[in-house]
2 protein chains.
Amino acid sequence: MNEVDPSTEQLILEAARNVFLQKGMSGARMQDIADEAGINKALLHYYFRNKSRLFEMIFREALQKLLVSIKDIVDNDMSLEEKITTICVRYISMLSENPYLPLFVLHEIHQDPRRIIQFFKEKEIEFHLQKFFLQIQDSISHGSIRQVSPPQLMINIISLCVFPFAAGPLIKSIFGIDQWQFQMFVEERKKQVPEFVLAALRPAINNPS
Amino acid sequence: MNEVDPSTEQLILEAARNVFLQKGMSGARMQDIADEAGINKALLHYYFRNKSRLFEMIFREALQKLLVSIKDIVDNDMSLEEKITTICVRYISMLSENPYLPLFVLHEIHQDPRRIIQFFKEKEIEFHLQKFFLQIQDSISHGSIRQVSPPQLMINIISLCVFPFAAGPLIKSIFGIDQWQFQMFVEERKKQVPEFVLAALRPAINNPS
DNA sequence: ATATAGTTTAACCAAATGGTTAATACGGAA
DNA sequence: TTCCGTATTAACCATTTGGTTAAACTATAT
């Protein structure tokens with residue numbers, strides 16, 4: 001009796017996830033979510049007080065998936081080269097299964113940047129970031145990669161992984177390809193992007209002084 | 001009498017631009033736009049039949065600015081290296097002055113991908129694209145850059161230029177920097193990105209067989 | 001069986017929102 | 001001055017939308 005039937009709650013969350021990720025907070029209608037879940041609209045308010053709360057659940061979950069998976073990948077003892085390759089491959093894979101994640105999160109953060117403030121207090125993103133930056137600096141000092149600003153490099157890597165998903169429909173349209181060909185294109189990037197980044201980091205040919 | 005007072009129409013478009021770029025189609029309220037323009041809500045409907053039409057104007061204009069500036073840059077007789085550098089510098093500059101453009105356009109295309117179909121019929125994007133791809137192929141054959149898929153390379157370049165703007169608020173938050181420092185960061189990218197791309201394209205050191 | 005607690009629904013409500021209308025202000029032509 | 005067409009507004013309307021309520025349903029324990 002005191003136990004909540006998880007299936008309904010999960011059903012709603014699943015439906016909300018679909019609708020919110022597709023239409024965003026302002027574009028989503030509670031009725032849409034109810035329909036998608038095959039339940040009455042009032043039931044949404046029974047489980048989740050209001051639209052904002054329901055949205056919050058989905059947004060946090062999405063932000064989590066988007067940021068924490070980076071943290072997890074970065075936070076281990078691989079070499080920089082291995083790490084970069086792993087980030088790209090795993091991150092592109094994750095996004096292939098959640099292609100709407102980036103645009104959704106970016107759009108909602110843009111709507112209200114306060115949405116992230118609290119988040120970073122909890123997780124220790126900055127800490128893990130610092131460690132990664134140090135590793136980059138070490139590789140530079142060591143001469144194994146060429147001089148580059150760690151934050152710039154990091155944004156470069158993220159850009160190359162994430163942007164194609166945010167721009168999915170545009171890319172399909174420009175290249176005149178369908179969903180399936182797009183997936184091939186993205187699959188190809190799992191090889192291309194790490195190659196590209198590592199090539200960009202290779203120290204220039206020694207000047208023969 | 002027959003002449004429309006341009007100032008009011010422009011005033012509305014300016015206001016609509018601000019509001020739509022900030023909040024998107026579904027998040028924008030006609031009242032917001034009227035307020036922003038300092039006029040009555042009915043006047044919006046007098047000049048532009050309805051919300052969709054007004055939105056269409058702004059969206060087309062935005063898409064135009066985002067895509068045509070690429071075309072213009074790509075369509076000249078520079079060397080590939082010059083062209084890449086020019087694209088990055090000019091495109092990042094343009095986006096610095098229109099930072100909301102990417103997220104707005106990407107989000108609205110995602111909402112309704114049909115919005116682009118018509119657009120590509122008019123412009124000859126594909127044609128210019130083909131020319132650019134051929135130039136890349138030539139450079140590869142010529143051995144002046146290493147083997148790389150032209151579409152992948154193109155998406156790489158666009159990603160590196162555009163993504164930081166789509167992720168502006170997120171980047172500020174992660175790095176704990178303010179608007180001004182972010183602008184510095186972006187300014188720095190005008191150098192970093194072309195450097196990065198050209199380094200990635202430099203042919204590998206000859207294998208000494 | 002029936003009381004009880006959690007679950008689900010149909011019907012309803014108030015506010016927000018896109019859009020309309022009729023009346024008014026304005027500015028130049030006659 | 002007096003028209004007359006354009007520009008502008010206040011008031012209004014219909015629909016949508018987030019949210020509420022009270023009743024009905026379900027299952028379990030006694």
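Order of the sequence lines sets the chain letters (A, B, ...), proteins ahead of strands, with each chain counted from 1. All values below come from the heavy atoms of this structure, side chains included, with hydrogens, waters and symmetry mates left out.
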Residues [X] and [Y] bridged, charged N to O under 4.0 Å:
| X | Y | value |
| --- | --- | --- |
| B/Glu56 | B/Arg53 | no |
| A/Lys23 | A/Asp32 | yes |
| A/Glu195 | A/Arg189 | no |

Out of A/Phe104, A/Tyr100, A/Phe165, which one pairs with B/His110 under the ring pair (Phe, Tyr, Trp, His ring centres under 6.0 Å) rule?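 Running ring pair (Phe, Tyr, Trp, His ring centres under 6.0 Å) over A/Phe104, A/Tyr100, A/Phe165 with B/His110 returns exactly one hit, A/Tyr100.
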
Rounded to the nearest angstrom, tell me the gap between atom [atom1] in [X] and atom [atom2] in [N].
| X | N | atom1 | atom2 | result |
| --- | --- | --- | --- | --- |
| A/Gln31 | D/dT15 | CD | P | 17 Å |
| A/Leu54 | D/dT17 | CG | C1' | 15 Å |
| B/Asp32 | C/dA16 | CG | P | 13 Å |
| A/Phe55 | D/dG18 | CZ | P | 13 Å |
| B/Leu44 | C/dG18 | CG | P | 10 Å |
| A/Met30 | C/dA14 | CE | P | 20 Å |
| B/Arg53 | C/dG19 | CZ | C1' | 14 Å |
| B/Asp35 | C/dT17 | CG | C1' | 13 Å |

Between [options], spot the one nearest the side chain of [X], thanks.
| X | options | result |
| --- | --- | --- |
| A/Leu43 | C/dT8, D/dT8, C/dG19 | C/dT8 |
| A/Tyr47 | D/dA10, C/dT8, D/dG18 | C/dT8 |
| B/Tyr46 | C/dT7, D/dG19, D/dT6 | D/dT6 |

Touch class at under 4.0 angstrom, heavy-atom based, for A/Asn40 against every strand present: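 Base, at least one base heavy atom under 4.0 Å.
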
Does B/Ala28 reach a base, just sugar-phosphate, or nothing at all? Heavy atoms under 4.0 Å.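 B/Ala28: backbone/sugar contact only, no base atoms under 4.0 Å.
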
Think [X] has a side-chain N or O under 4.0 angstrom from the OP1 or OP2 of [N]?
| X | N | answer |
| --- | --- | --- |
| A/Arg49 | D/dG19 | no |
| B/Thr8 | D/dA7 | no |
| A/Arg29 | D/dG18 | yes |

On DNA chain C, compare the nucleotides closest to B/His45 and A/Gly38; which residue's is nearer the 5' end?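 Looking at DNA chain C, the more 5' nearest nucleotide goes with A/Gly38.
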
Full working for salt bridge (charged side-chain N to carboxylate O under 4.0 Å, His left out) between A/Glu36 and A/Arg29: CA-CA 11 Å; A/Glu36 176 91 7; A/Arg29 298 291 95 100; over 6 Å; no

Whether the side chain of A/Lys41 and the base of D/dG18 hold a donor-acceptor pair under 3.5 Å is what I'd like checked.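 Yes.
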
